Number of protein chains: 2
Amino acid sequence: MATIRDVAKLADVSTATVSRVINRNGYVNAETKRRVTEAIEQLNYVPNDVARSLFKGRSKMIALFVPDITNPFFPELARAVEDVANQRDYTFVLCNTDNDPVKESAYLNALQQKSADGFVIVSSSISEEQLEEINVPMVAVDRITGRSISSVTVNNYSGSRQAVQHLKSIGCKRIAHISGPEHTDNAVLRLRGYLDEVMYEDWFNSNYIAVGEYNFDTAREAAIELLRDCPEVDGVFAGNDLMGAGVLNAAAALGRRVPDDLSVIGFDGISIGKTLTPTLTTMVQPIYEIGAKAADMVITQIENGAPAITSEELPVQLMERQSSRRKE
Amino acid sequence: MATIRDVAKLADVSTATVSRVINRNGYVNAETKRRVTEAIEQLNYVPNDVARSLFKGRSKMIALFVPDITNPFFPELARAVEDVANQRDYTFVLCNTDNDPVKESAYLNALQQKSADGFVIVSSSISEEQLEEINVPMVAVDRITGRSISSVTVNNYSGSRQAVQHLKSIGCKRIAHISGPEHTDNAVLRLRGYLDEVMYEDWFNSNYIAVGEYNFDTAREAAIELLRDCPEVDGVFAGNDLMGAGVLNAAAALGRRVPDDLSVIGFDGISIGKTLTPTLTTMVQPIYEIGAKAADMVITQIENGAPAITSEELPVQLMERQSSRRKE
DNA sequence: TTGTACGCGTTATCAA
DNA sequence: TTGATAACGCGTACAA
């Protein structure tokens with residue numbers, strides 16, 4: 001690999017001049033510029049990013065922290081962050097944290113050692129103190145971890161109410177909810193939305209609420225138990241699509257017909273919902289936009305240093321599919 | 001951030017000594033060592049990775065190239081590579097190539113500029129010439145792109161035969177195949193396996209072969225057409241699970257009952273198969289192991305410089321689920 | 001056993 | 001308009 005010195009020698013100028021040509025700053029004579037460009041061409045020279053990073057203290061690298069990329073909600077988010085990073089000439093690092101604070105800190109430290117320029121994080125566990133220590137641009141996504149950090153989320157509360165309203169509107173009379181884990185703030189918000197829709201209904205009953213871990217298996221089990229104990233339930237709002245899939249599977253196992261006997265709605269709009277039989281009605285989050293927006297915010301913050309803390313809230317949208325249908 | 005010089009000053013030694021303590025090489029007096037360690041502790045010193053990289057020409061960074069992380073086959077692979085990278089103290093970079101050779105080269109160049117140490121790639125399009133140019137450890141996964149690169153794959157051909165044999169063994173008399181895209185070598189191998197199982201059956205007919213793009217939608221359409229034209233088909237081997245899901249959906253749309261009327265088997269063993277109704281019988285690939293093995297090979301190659309080209313072939317395994325059942 | 005001094009490849013400052 | 005040179009932070013000959 002050719003270095004800037006090789007180029008300088010070949011073009012018979014100093015490295016400073018070459019640098020000026022490369023970075024288009026400072027004056028440089030048209031003729032010398034030509035010679036330099038030619039030498040660069042000839043030697044196939046490309047500046048070494050590591051040396052640049054060392055000098056500048058910046059690496060043109062951003063990282064995304066997700067609990068587990070294996071969870072189908074995250075790949076699309078990751079894709080968005082990577083695309084934006086790429087467009088703006090940043091390298092994209094992916095970190096699976098398993099929601100483990102120890103891993104989070106380890107990654108944070110390791111990446112700061114590499115002069116990572118910014119972070120997009122999905123986390124419920126990063127503490128305010130940690131946030132203070134980090135003085136690198138950072139934006140939270142999907143879940144807000146505190147007031148001292150910028151964020152991009154959706155309106156979980158009103159989205160949740162819309163979901164329940166949809167079930168009501170198609171004639172469901174007894175609506176249950178499989179909620180996500182209690183330590184996750186979007187699960188809490190969705191639960192609250194559900195409650196505010198049904199709490200004052202005379203049929204409401206706290207047995208209509210079950211808790212899952214935002215995954216298929218726990219939801220399936222919870223749904224089997226719930227539907228067995230409360231056979232009168234004719235609508236289920238699952239806290240996310242993965243759990244919606246679990247509910248569908250539970251219903252099939254119990255011989256409950258969806259949507260005739262039972263309507264089901266999920267939340268997220270991940271593509272798995274379209275592959276299920278019946279396909280899953282859901283509240284669609286603009287996952288890609290969320291990731292793109294977040295990445296954009298971090299990079300803009302890196303480059304322009306806008307330290308203001310901003311919170312974006314994007315809309316969710318009802319997507320009616322086969323798992324819910326108006327009752328006769 | 002403290003530098004090695006700060007530590008040296010505080011411990012009243014030279015930077016060389018500090019370096020020796022950090023990297024445990026060269027002699028250093030027990031007492032001086034204590035002083036140094038103490039200073040390091042006190043200043044919270046951590047060596048700067050960028051400076052290290054510049055000096056060594058190595059970055060402790062490996063990258064994974066996948067066509068699109070949004071395809072559910074890849075997250076688990078990515079997870080494996082990241083886990084291994086992490087364990088062995090490497091940073092993990094994810095690149096979506098969209099199977100675009102231009103993007104691939106761009107990433108390759110960009111990462112070499114950052115002194116990336118190795119690559120795990122899923123690609124059908126990297127040319128032999130490109131491979132020659134890269135003199136950084138690299139291993140191909142899932143698809144082999146040439147003879148001049150190490151690889152980790154599964155036995156697609158025999159796995160495919162096993163899949164068809166399974167359908168035969170449960171009594172299917174007319175077996176169709178939805179094959180993957182022709183330019184992907186694993187699709188070709190799976191097709192060949194299918195052919196070698198059915199070609200000499202008297203019922204065999206080339207209309208029993210359709211081509212999809214390894215995704216849900218194309219497979220669904222192909223299956224609808226195929227099942228309509230050839231209603232006698234009672235078994236379908238889909239080239240991958242995503243297409244298996246498409247077949248299931250097509251069957252439901254046509255009122256064909258699975259597994260009573262029609263048995264379906266997929267390939268890959270991605271987790272979506274368990275969420276479908278009915279759940280999808282499939283040939284399970286050890287996806288995580290593949291990724292882990294590949295990552296391990298690259299890193300070992302980086303550290304020990306074993307330039308021998310090796311090809312690992314891992315086994316696939318039949319997983320019987322609800323979509324296939326013995327005919328009465 | 002320890003320290004000096006240089007190089008890794010850039011960029012930016014200052015002087016010419 | 002250009003060049004010499006000092007950083008950036010680290011590791012390693014080589015000398016002591």
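Hydrogens, waters and symmetry mates are skipped; everything else that's a heavy atom, side chains included, is used. Keep in mind the model is a prediction, meaning the values are calculated, not measured.
- The residue among B/A51 and B/N29 whose nearest nucleotide of DNA chain C lies closer to the 5′ end is B/N29.
- Separating the CD1 atom of A/I4 from the C1' atom of C/dA12 is a distance of 12 Å, rounded to the nearest angstrom.
- Ion pairing between a basic and an acidic side chain is recognised when a charged N comes within 4.0 Å of a carboxylate O; B/R58 and B/D117 show no such pairing.
- In this structure, A/N48 does not reach the C/dC8 phosphate: none of its side-chain N or O atoms is under 4.0 Å from OP1 or OP2.
- What separates NZ of A/K9 from C1' of D/dG3 is a distance of 16 Å, to the nearest Å.
- Of the charged side-chain nitrogens involved, at least one lies within less than 4.0 Å of a carboxylate oxygen, so that B/D98 and A/R79 count as a salt-bridged pair.
- You won't find any donor-acceptor pair under 3.5 Å spanning the side chain of A/R5 and the base of C/dG7, going by distance alone.
- At least one donor-acceptor pair under 3.5 Å links the side chain of B/N23 to the backbone N or O of B/S19.
- Atom-to-atom, CE of B/M1 to P of D/dC8 comes out at 14 Å; the value is rounded to the nearest Å.
- Per the geometry, CG belonging to B/D6 stands 10 Å off P belonging to D/dC8, to the nearest Å.
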Output, in order, the C-alpha distance, side-chain angles, deciding distance and verdict of side chain to side chain donor-acceptor pair (under 3.5 Å) for B/D83 and B/Y288.
CA-CA 10 Å; B/D83 284 351; B/Y288 191 93; 2.5 Å; yes
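- Toward the 5' end of DNA chain D, the nearer of the two residues B/R20 and B/L54, judged by each one's closest nucleotide, is B/L54.
- Between B/K56 atom NZ and D/dC8 atom P the separation is 22 Å, expressed in whole Å.
- Heavy atoms of A/V50 sit nowhere under 4.0 angstrom from any nucleic acid atom.
- Applying the 6.0 Å contact sphere to NZ of A/K103 captures more than 12 heavy atoms from other residues, nucleotides or ligands.
- B/V36 comes within 4.0 angstrom of no nucleic acid atom, judged by non-hydrogen atoms across all strands.
- Distances from the side chain of A/Y27 to the nucleotides C/dA12, C/dT4, D/dT1 place D/dT1 closest.
- Proximity of A/T32 to the phosphate of D/dT2: a side-chain N or O atom is located under 4.0 Å from OP1 or OP2.
- The phosphate of C/dT2 has neither OP1 nor OP2 within less than 4.0 Å of any side-chain N or O from B/T17.
- Remark: A/R52 is in phosphate contact with C/dT11, judged by side-chain N or O atoms under 4.0 Å from OP1 or OP2.
- Rounded to an integer number of Å, the gap from NZ of A/K33 to P of D/dT1 is 12 Å.
- The CG atom of B/N23 sits 11 Å away from the P atom of D/dC10 (whole-angstrom rounding).
- Taking only side-chain nitrogens and oxygens, B/T3 never comes nearer than 4.0 Å to OP1 or OP2 of D/dG9.
- B/S53 comes within 4.0 angstrom of nothing in the nucleic acid, heavy atoms only.
- The side chain of A/S19 places no N or O atom within less than 4.0 Å of a non-bridging phosphate oxygen (OP1 or OP2) of C/dT10.
- A salt bridge is defined here as a Lys NZ or Arg NE, NH1 or NH2 lying under 4.0 Å from an Asp or Glu carboxylate O, and A/D49 with B/K114 meets this definition.
- Taking atom CD on A/Q112 and atom P on D/dG9, their separation rounds to 15 Å, with Å as the unit.
- Remark: B/Y45 is in phosphate contact with D/dC10, judged by side-chain N or O atoms under 4.0 Å from OP1 or OP2.
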